[in-house]
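Here's the structure, in structure tokens; my notes come after.
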Amino acid sequence: MSDNQSALPTETPIVIPDVAPAIRFQDFGLAPEILKALNDQGYVHPTPIQAEAIPVVLKGMDVMGAAQTGTGKTAGFSLPIIQLLMAHANSSASPARHPVRALILTPTRELADQVAANVKAYSRHTPLRSLVVFGGMDMTPQTAALRGGVEIVIATPGRLLDHVQQKTINLSQTQILVMDEADRMLDMGFLPDLQRIINLLPKQRQNLMFSATFSPEIKKLAATFLKDPVTIEVARSNATAENVTQIIYKVEEEAKRDAVSFIIRERGLKQVIVFSNTKIGASRLARQLESEGVKASAIHGDKSQSERMQALEQFKNGTIEVLVATDVAARGLDIAELPCVINFDLPYNAEDYVHRIGRTGRAGASGDAISLFSDKDARLLVDIEKMIKHKFVPAELIGFTPSSGRTAERSHDRRAHERSPRKDESAPRPSRAPERSPGAASNGSRSAYAAAPRKEKIDPFFTRPYEPAPSTMVSDNKLADQVPAKPQKHKMAALLGGAPKR
DNA sequence: AAAAAAC
């Protein structure tokens, strides 16, 4: 801050504001073509991770970045990469060879597609060509594009290796490697593939690794593949978005589909992702919602790639109101300003809870994360509470009557609850960030929700919005210590050269 | 436990 102030000409007769003047993209020395693309999109100021990452990447250094989704991570590495490739345009390689110069790896196809769209947008005024490469799609067009020459490839590991085997891709001149969502790639067992891919790259190269968390496995991966990396950490890891109101409803397992349907109707939700732990569960729920006239689609790994892409596209353009997804959609997907996310199942991985609810309340907007909780999920809930360091009070879903023949045995529970002395009809909804940032798209569904004459069946037991309590620093460590360490992956240890346990 | 990812 003081640097900026002292940099001002002394004779400037203006009052220096308390806050340092915000950094602008122009300040990084990016090429005019890149600035023009940013300007096209109306981007002026970098996010914190962009402000940190761009200069470091421009210097050619390796990066270990911890960043949640929604932090602008993609631009944080794409912009400087484009700049670096432009700067060294014709220096190497005969045009005939068309070597790939930057490789970006992601765990899921949808994420690859999205990153590719960003790269395309940022490089549109440059001569650089980019291509997304993933499975489930015909290889022929990819092969043709590769033959024509591309400088930047965004890929999922499997299909990339497929191309390698077919000798349709040349990675011998790849100077920059990005591993996006590296922790997820490890979870998914991509380590051997990563190893194989890295072996194809030149020893001299720049490595950027991004991960939502700094687990021991990730640190080990970083130690193995990165060279004197600069660590960039934005936003405390394992923290949930502060402007997300988290609510947990206790519902019988068999009534969960009806409960989701109830919540969607009750709240008048027009834009919601529902996460299911299973593909079959996702399909069933989507089918039920459709049969009830809700515009819903499922997205998961058993769907064809074209179905997956269509579902996502239709959800983004509003044709579909409810996207029922497995964790294929838990991370990274940039779907603007979801007012609400529903966990049909609590995730098996506590970490995924954070990722799932990260689909809402992004970029300064507020959101609701509603989770259904049945008795069998008690342990999952405890895991989640440990991770986010927040205790939930599961609420009854007031006014909800499961349809079909399975209501009888539960009716008395419900009555008991409705009798309970709560006339806090006027109780305010859980507080949320009062205003959204200027320029944030106005949210049709939320206003519809607000306008709907909700019969104040508002859950009186709403859980407090998660707030990093002032005492966090103290209790954090205690809690962290109680969290059992994740079992080391033997495969991982073996591949990284460590002694496999047992 | 389940999901994801190449054919």
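Proteins come first, then strands; the chains are lettered A, B, ... in the order of their sequence lines, and each starts at number 1.
Protein atom CG of D162(A) is 15 Å distant from nucleotide atom P of dA5(B), rounded to whole Å. In this structure, CG of D377(A) is placed 13 Å from C1' of dA2(B), rounded to the nearest angstrom. Spacing between atom CZ of R184(A) and atom P of dA2(B) amounts to 16 Å, rounded to whole angstrom units. Computed from coordinates, the E351(A) CD to dA2(B) P distance equals 20 Å when rounded to whole Å. dA5(B) atom P lies 16 Å from atom CE of M139(A), rounded to whole Å. dA4(B) atom P lies 14 Å from atom CG of L312(A), rounded to whole Å. Atom CG of L105(A) and atom P of dA6(B) are 11 Å apart (whole Å). For the pair E110(A) CD and dA3(B) P, the interatomic distance rounds to 15 Å; values are reported in whole Å.
Nearest to the side-chain atoms of Y348(A) among the listed nucleotides dA2(B), dA4(B), dA6(B) stands dA2(B). When the nucleotides dA5(B), dA3(B), dA6(B) are ranked by their closest atom to the side chain of R308(A), dA5(B) comes out on top. You'll find that the side chain of F190(A) is closest to dA5(B), out of dA1(B), dA5(B), dA4(B). Side-chain atoms of T278(A) lie closest to dA2(B) of the nucleotides dA6(B), dA2(B), dA1(B). Closest to the side chain of T326(A), out of dA3(B), dA5(B), dA1(B), is dA3(B).
Between K279(A) and dA4(B), a side-chain N or O to OP1/OP2 separation shorter than 4.0 Å is present. Taking only side-chain nitrogens and oxygens, R109(A) comes nearer than 4.0 Å to OP1 or OP2 of dA6(B). For the OP1/OP2 pair of dA3(B) and a distance below 4.0 Å, the side-chain nitrogens and oxygens of R356(A) include no atom meeting the criterion. Taking side-chain N and O atoms only, T156(A) has a distance below 4.0 Å to OP1 or OP2 of dA6(B).
With respect to E292(A) and R287(A), no salt bridge is recorded, no charged nitrogen being found less than 4.0 Å from a carboxylate O. The pair D302(A)-R308(A) does not count as a salt bridge, with every side-chain nitrogen at least 4.0 angstrom from each carboxylate oxygen.
Counting non-hydrogen atoms under 4.0 angstrom, D327(A) reaches nothing in the nucleic acid.
For the residue pair R109(A) and Q305(A), a side-chain donor N or O sits within less than 3.5 Å of a side-chain acceptor on the partner.
In this structure the side chain of L312(A) reaches within 4.5 angstrom of the side chain of L333(A), judged on heavy atoms.
Checked against D345(A) for a salt bridge (charged side-chain N to carboxylate O under 4.0 Å, His left out), the options R356(A), K279(A), R257(A), K256(A) give a single hit: K256(A).
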